[in-house]
There are 2 protein chains.
Amino acid sequence: MTTASTSAPRWLTDEEQRVWRAYLHATTLLEDHFDRQLQRDAGMPHTYYGLLVQLSQAPRRRMRMTELARNAKITRSRLSHAIARLEKNGWVRREDCPSDKRGQNAVLTDEGLDMLRRSAPGHVEAVRQAMFDRLTDEQVKSLGEIMRTLATGLEPEGTDADLPWLR
Amino acid sequence: MTTASTSAPRWLTDEEQRVWRAYLHATTLLEDHFDRQLQRDAGMPHTYYGLLVQLSQAPRRRMRMTELARNAKITRSRLSHAIARLEKNGWVRREDCPSDKRGQNAVLTDEGLDMLRRSAPGHVEAVRQAMFDRLTDEQVKSLGEIMRTLATGLEPEGTDADLPWLR
DNA sequence: TCTATCTAGTTCAACTTTCAAGAAAAGGTC
DNA sequence: GACCTTTTCTTGAAAGTTGAACTAGATAGA
C-alpha cells in the first residue's frame, strides 16, 4: 500500500531543487530554440520534423500510425492531426494497410524526402551548436545514460503504464 | 565568417544520435507525465503550475509580468494568456504597477496559495518517482551541470540572443 | 518641448494539442 | 455464427501556444 497522500512529503533538497529547475529551464529553452529554427527553415514544429525523420529511416519510408506514435512518444490523436497537416503540405500521404483493414500507413513522399534533405544540415548544425558542442565527451555519455534511465522509467516492461500511444 | 549553409555538414556520430534521441524521448515522456499528473491533481498544465510556484517564492507573492516570463523562459504573450486563465480560476490577480503605469504585477491570491499547498506534496512525489529516485547522486550532480551549461548556452551574457520574453 | 524610439503588456487569428466520443475492423468465446 | 471485448484510427470542440499587430507609457535627443 502506498500512503503518499497521508505521509509526510519528502521535499526536494536544495540541490535537487536547483537541478530540477535547471532541467526545466534548459528543456524549455531548447524546445523553443529548435521549434523556432525548424519553423523558420522547414515550416514546421520540431515534433512534425521528427515524424518525417522517423519515416525516412523506416523500411519503404512508411510506418503504421500507432507504431509511429509509439516511436515519437505521442498520442494517436495528436499524430492523426499532425499527419493530416503534413499531408496537406504534400510531404506525407496515407495508405491503407493491406493486412489490417483498420490500419493506415503514413508514407513519406518524394517531396517530403527532398524537404528533409534540404533542411537536415541546418538542423544538425543547430543541434550541435546548442548541445554537443557545449558538452564534454563524458557529459554526452552521462546525458545518454541519464535520459535512457528516465525514459525507461516511464515505459516499464510489464506494461500497465499510461503511455500516450495507448490512450 | 560562418559558412554553415555551404560547407559539408558535420553529421552526428552514432552515439550522438542515440543520445539526442534518448533526450527527445525522455523529455517528451516526462513533459507528458507531469502535465497529466498536474492536470489531474491541480487542474492545470505544468507550465501554469510553475508560474504559481514562482509567485509563491517572490517577495510579497507578486512579480512583474516580464520578470515572470523571464523566469519561466516563455513569451510575454503566452504569459498573458496563462495569467488570464489563472485569474479566472481565482488563483492569481492582476495589479497595476505603482512605479510604471505600463506595468502589471501578477499576484498569487490566498486561494492560489492554498491550492499550491494542497497539490505540492503530490507533485514533489511525482518528481521524485520519475526523476530523483531513478538516478544516482553522481548522475543528479552531472545532470545539474549539463542542464546549467545548456541553458546558459542559449541565454548568453552579452545579449542579442532571441529570447522568448524579449519577443 | 517635440519627436522619435523603445518598452510593457495585451489581443486577434492561425495553428497545435488534448480530451472525450465514435466508427470500423479484429479477436476471442460460447 | 452471434456476441462481447479490444484495437486502430479519426473527429470535433475546448484549451493552449505562436507571431504579428497594436495601445499606452517611458526614455532620450534635438
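Proteins come first, then strands; the chains are lettered A, B, ... in the order of their sequence lines, and each starts at number 1.
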Are [X] and [N] close enough that a side-chain N or O sits under 4.0 Å from OP1 or OP2?
X	N	value
Arg102(A)	dT10(D)	no
Arg85(A)	dT16(C)	yes
Arg78(B)	dT18(D)	yes

When all nucleic acid strands are considered with a 4.0 Å heavy-atom cut-off, which category describes [X]: base, sugar-phosphate, or nothing?
X	result
Arg36(B)	sugar-phosphate
Asp35(B)	nothing
Ser77(B)	base
Arg64(B)	sugar-phosphate

Exercise. Among the candidates dT17(D), dG25(D), dT10(D), find the nucleotide nearest to the side-chain atoms of Tyr48(B).
Key: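 The answer is dT17(D).
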
Practice problem: When you get a sec, tell me which of dC19(C), dA26(D), dC9(D) is the closest nucleotide to the side chain of Asp100(B)? | Solution: dA26(D)

For [X] and [N], what is the distance between atoms [atom1] and [atom2] respectively, to the nearest whole Å?
X	N	atom1	atom2	value
Arg167(B)	dA21(D)	CZ	C1'	16 Å
Arg70(A)	dT7(D)	CZ	P	12 Å
Glu95(A)	dC9(D)	CD	P	13 Å
Leu68(A)	dC9(D)	CG	C1'	13 Å
Arg76(B)	dA24(D)	CZ	C1'	14 Å
Leu79(B)	dG19(D)	CG	C1'	16 Å
Glu87(A)	dC9(D)	CD	P	14 Å
Met65(B)	dA24(D)	CE	C1'	16 Å

Self-check item: Residue whose closest nucleotide on DNA chain C lies nearer the 5' end, Gln39(B) versus Ser80(B)
Solution: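 Per heavy-atom nearest nucleotide, the more 5' residue is Ser80(B).
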
Quiz item: So which one's nearest nucleotide on DNA chain D is more toward 5', His81(B) or Thr66(A)?
Solution: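 Closer to the 5' end of DNA chain D: Thr66(A).
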
Quiz prompt | Closest-nucleotide 5' rank along DNA chain D - winner of Thr75(B) and Asn105(A) | solution =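 Upstream on the strand: Asn105(A).
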
Exercise. Only counting residues at least two apart or in another chain, list the ones meeting side chain to side chain contact (heavy atoms under 4.5 Å, CB included) with Arg94(B).
Key: Met65(B), Ile83(B), Ala84(B), Glu87(B), Gln104(B)

Quiz item: Is the backbone N or O of Arg76(B) less than 3.5 Å from a side-chain atom of Arg167(B), with the two atoms forming a donor-acceptor pair by type?
Solution: no

Self-check item: Main-chain N/O of Leu24(A) paired with Thr28(A) side-chain donor or acceptor, under 3.5 Å
Solution: yes

Quiz item: Between Glu111(B) and Thr109(B), do the side chains contain an N or O donor and an N or O acceptor separated by less than 3.5 Å?
Solution: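 Yes, Thr109(B) and Glu111(B) have a side-chain donor paired with an acceptor closer than 3.5 Å.
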
Quiz item: Nearest heavy-atom pair of Leu166(B) and Ala161(B): which atoms, and what distance?
Solution: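 Nearest heavy atoms, Leu166(B) then Ala161(B): CD1-O, 4.5 Å.
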
